[in-house]
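Some notes on the structure that comes next.
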There are 2 protein chains.
Amino acid sequence: MDKAFINFKYVDAIARAGSIRRAAEALSITPSALNRRLISVEDELEVQIFERLPRGVRLNAAGEILIQHIRTQLSDFERVKSQIADLSGFRRGEVTIACSQALLPFFLPEQIDRYRTEHPMIQVCVLPRDRSAAEAALADFTADLAIVFEPIKISDFHPIITVRQEIHAVMDRSHPLARKTKLRLRDCLEYPLALPTKAYGVRWLFDQATEKRNQSILPLLESDSFEFLRMAVRNTDLITLQIEVGLAANETKKSVISRPIVELDIASGLLHFGHLRGRVLSVAAAKFATQLAQVLSERYESV
Amino acid sequence: MDKAFINFKYVDAIARAGSIRRAAEALSITPSALNRRLISVEDELEVQIFERLPRGVRLNAAGEILIQHIRTQLSDFERVKSQIADLSGFRRGEVTIACSQALLPFFLPEQIDRYRTEHPMIQVCVLPRDRSAAEAALADFTADLAIVFEPIKISDFHPIITVRQEIHAVMDRSHPLARKTKLRLRDCLEYPLALPTKAYGVRWLFDQATEKRNQSILPLLESDSFEFLRMAVRNTDLITLQIEVGLAANETKKSVISRPIVELDIASGLLHFGHLRGRVLSVAAAKFATQLAQVLSERYESV
DNA sequence: ATTACTGATGCAAAAATTGGTACACTAAAC
DNA sequence: GTTTAGTGTACCAATTTTTGCATCAGTAAT
């Protein structure tokens with residue numbers, strides 16, 4: 001185990017756990033030891049970092065400043081290690097990316113596989129996060145990069161590239177609508193719908209489109225899991241929606257297919273790829289970012 | 001003693017000393033202990049930081065990257081401590097300033113005194129440095145701020161303010177030239193001169209002025225110490241040169257007085273005040289910088 | 001050849017850290 | 001009210017880590 005910054009890592013763990021005892025468990029040490037580490041840090045700074053509550057601890061103002069520094073710091077050190085490993089010849093490091101569910105089945109596995117063939121020593125970590133959680137992961141340095149669809153607030157988010165995403169209807173290959181190459185929204189509304197919950201961007205665009213027509217459509221099936229929705233439409237007349245990046249590249253042999261919906265009926269959304277503003281990426285993360293940005297710009301219309 | 005970053009501080013000390021034994025002495029520990037600390041750091045990074053030479057150690061490529069990070073790091077931590085102390089009510093911290101000798105007798109003592117009445121807890125450190133050494137002190141984070149007269153290379157130097165400095169002749173109050181209020185260069189050349197060595201900006205401007213007239217003037221007395229030169233002219237007909245900022249504000253009761261030389265005869269020089277480019281100053285240093293910049297802009301013509 | 005300096009290593013003593021336990025305290029559950 | 005479950009913290013012995021000392025091996029200048 002890494003001994004550098006051990007105290008800072010402990011403080012970070014306490015801040016994340018919200019309790020010394022829980023943090024101690026996560027770190028596999030006794031609460032008393034961790035407590036003394038914290039007190040020794042506070043003594044050195046001559047300032048309290050956490051306020052002690054009956055149910056745990058919480059960062060105070062000084063702690064907020066410190067934790068921000070600690071996380072910047074730890075991330076910077078990763079970058080330095082990455083740089084050093086880089087000039088030692090063999091590339092090492094790790095990249096963590098927070099992204100919408102839509103990227104999980106096809107896009108990211110393909111890209112990571114391609115990336116790993118060039119940089120086999122690099123460890124890639126994928127965190128599925130909804131729109132707000134992805135930004136939170138960037139903010140607390142849990143993730144280096146994020147790909148989010150239709151984010152709510154985009155403060156502190158530095159976009160590398162933003163691409164437009166058409167909405168597609170996803171259905172069984174034997175579905176009546178499968179014969180058409182392009183669908184109208186009204187075609188879809190004649191069939192039962194299986195949609196993501198309102199937390200997701202696709203659903204939000206769908207609700208906007210139906211509101212505009214003064215139709216309030218309730219889906220027959222709702223789920224947080226895109227994978228479940230994709231599986232649910234098999235062998236039924238259900239229809240679900242998905243953005244381009246979440247579709248398989250080659251559908252000829254799949255049991256589930258997709259058809260684009262004309263843009264007049266339902267607006268296309270924006271997929272944002274970027275990192276925390278002001279953050280300096282490690283060599284590993286920067287290379288991965290470059291690859292993703294290139295692929296996205298090749299495949300989709302960038303704005 | 002501060003235990004955080006202890007290993008990084010040790011590495012920094014070794015880098016500065018160029019030898020483990022000498023660094024160990026400076027740190028008041030045994031060379032063996034320090035050596036093992038270094039080895040443990042290198043083991044964690046899985047990279048050598050120093051190349052071992054028969055006469056000591058020297059940073060290798062990886063070490064250069066690391067030492068830069070370490071120094072940024074230590075300086076950042078100072079800034080954070082300063083911020084934390086700031087919101088705790090009582091201000092604490094330290095400011096280190098590298099400056100030309102001319103600032104030592106009057107300007108800096110006055111400014112520091114004023115600064116300390118407002119911020120009594122802040123420790124101020126003054127390092128007299130010639131033009132190149134001042135920039136080196138900024139670069140290796142030894143100093144937060146620098147005031148240099150006519151610097152050679154100004155790369156990585158971020159100027160806060162630059163002011164013009166007239167050259168003055170400094171002499172005993174009974175000197176024949178003391179009757180005049182403004183001097184010509186040829187007046188001065190009729191008397192023996194006591195000048196700084198060629199490393200200093202005033203001397204450089206003087207040499208340029210005399211070269212332009214195809215006169216090569218050799219000073220009777222040369223010294224590295226501005227204070228010595230000022231003392232040397234007392235009760236003699238010697239004349240020395242000094243820039244405005246190095247003169248006493250009120251000369252009426254002094255035994256040594258100064259008279260400006262007309263600008264046509266000897267060009268005025270530039271006094272640069274600034275910090276390392278890209279560096280984020282601590283609260284303490286930033287406040288001091290603001291004060292100095294204000295005073296300089298009030299007293300002298302800024303460019 | 002000699003001298004003076006360098007970094008590295010083995011070993012015992014010293015110092016720091018840890019785990020276990022008990023205690024005081026508070027919010028929630030009963 | 002009382003109980004309960006959870007919290008942070010202090011004390012002490014055991015353990016781990018770090019240190020100082022003496023020594024070795026190597027190199028550059030004398």
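Lettering follows sequence order; numbering is per chain, from 1.
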ask   = Does CD belonging to B:Glu227 count more than 12 external heavy atoms closer than 6.0 Å?
value = no

request  = Measure the angle between the two terminal helix axes of the helix from C:dA1-D:dT30 to C:dC30-D:dG1, five base pairs each, and quote it to 10°.
outcome  = 30°

request  = Check A:Cys99 against A:Leu104 and note the closest heavy-atom contact, atom names and distance.
outcome  = SG-CD2, 4.0 Å

inquiry  = For A:Phe8 and B:Phe77, I'd like to know if the aromatic rings sit close, meaning centre-to-centre distance below 6.0 Å.
reply    = yes

remark   = In whole angstroms, the gap separating C1' of C:dA8 from CD of B:Glu51 amounts to 17 Å

query = Without hydrogens or angle criteria, can the side chains of A:Ser100 and A:Arg129 be said to hold a donor-acceptor pair below 3.5 Å?
reply = no

key: B:Asn35 CG - D:dA25 C1' separation (whole Å)   = 14 Å

message = Is it the case that over 12 heavy atoms from other parts of the model lie below 6.0 angstrom from the CD atom of A:Glu51?
response = yes

query = Looking at residues at least two apart in the chain, or sitting in another chain, which of them share a side-chain contact (heavy atoms from CB on, under 4.5 Å) with A:Asp224?
reply = A:Thr197, A:Tyr200

message = Can you confirm whether B:Arg277 is buried at CZ, in the sense that more than 12 heavy atoms of other residues, nucleotides or ligands lie under 6.0 Å from that atom?
response = yes

Atom pairs under 3.5 Å: protein N/O with N/O of nucleotides 27-30 of chain D:
none

task = Using the closest heavy atom to pick a nucleotide of DNA chain D for each, name whichever of A:Arg22 or A:Ile39 lands nearer the 5' end.
result = A:Arg22

ask   = Heavy-atom count around B:Glu25 CD within 6.0 Å, excluding the residue itself: above 12?
value = no

inquiry  = What contact category does A:Leu53 fall into here, base, sugar-phosphate, or nothing, at under 4.0 angstrom with non-hydrogen atoms?
reply    = nothing

note = Rounded to whole Å, CD1 of B:Ile14 lies from P of C:dA8 at a distance of 9 Å

inquiry  = Looking at A:Arg52, I'd like to know whether one of its side-chain N or O atoms comes within less than 4.0 Å of OP1 or OP2 on C:dC25.
reply    = no

key: Atom pair distance, as rounded to whole Å: CG in B:Asn7 and P in D:dT18   = 8 Å

ask   = Who are the salt bridge (charged side-chain N to carboxylate O under 4.0 Å, His left out) partners of A:Arg36, not counting sequence neighbours?
value = none

task = Give every residue pair that meets the ring pair (Phe, Tyr, Trp, His ring centres under 6.0 Å) criterion with at least one member in residues 12-48 of chain B, sequence neighbours excluded.
result = none

ask   = Nearest-Å distance, CD (A:Glu25) to P (C:dT18)?
value = 17 Å

key: Ionic contact status for B:Glu78 with B:Arg71, cut-off 4.0 Å   = no

Taking N or O atoms only and anything under 3.5 Å, show me the protein contacts with nucleotides 20-23 of chain C, one pair per line.
from: C:dG20; atom 1: O6; to: A:Ser32; atom 2: OG; distance (Å): 3.2

query = Expressed in angstrom and rounded to an integer, what is the separation of B:Arg58 atom CZ from C:dT6 atom P?
reply = 16 Å

note = note: B:Ile20, atom CD1; D:dG26, atom P; distance rounded to Å ~ 17 Å

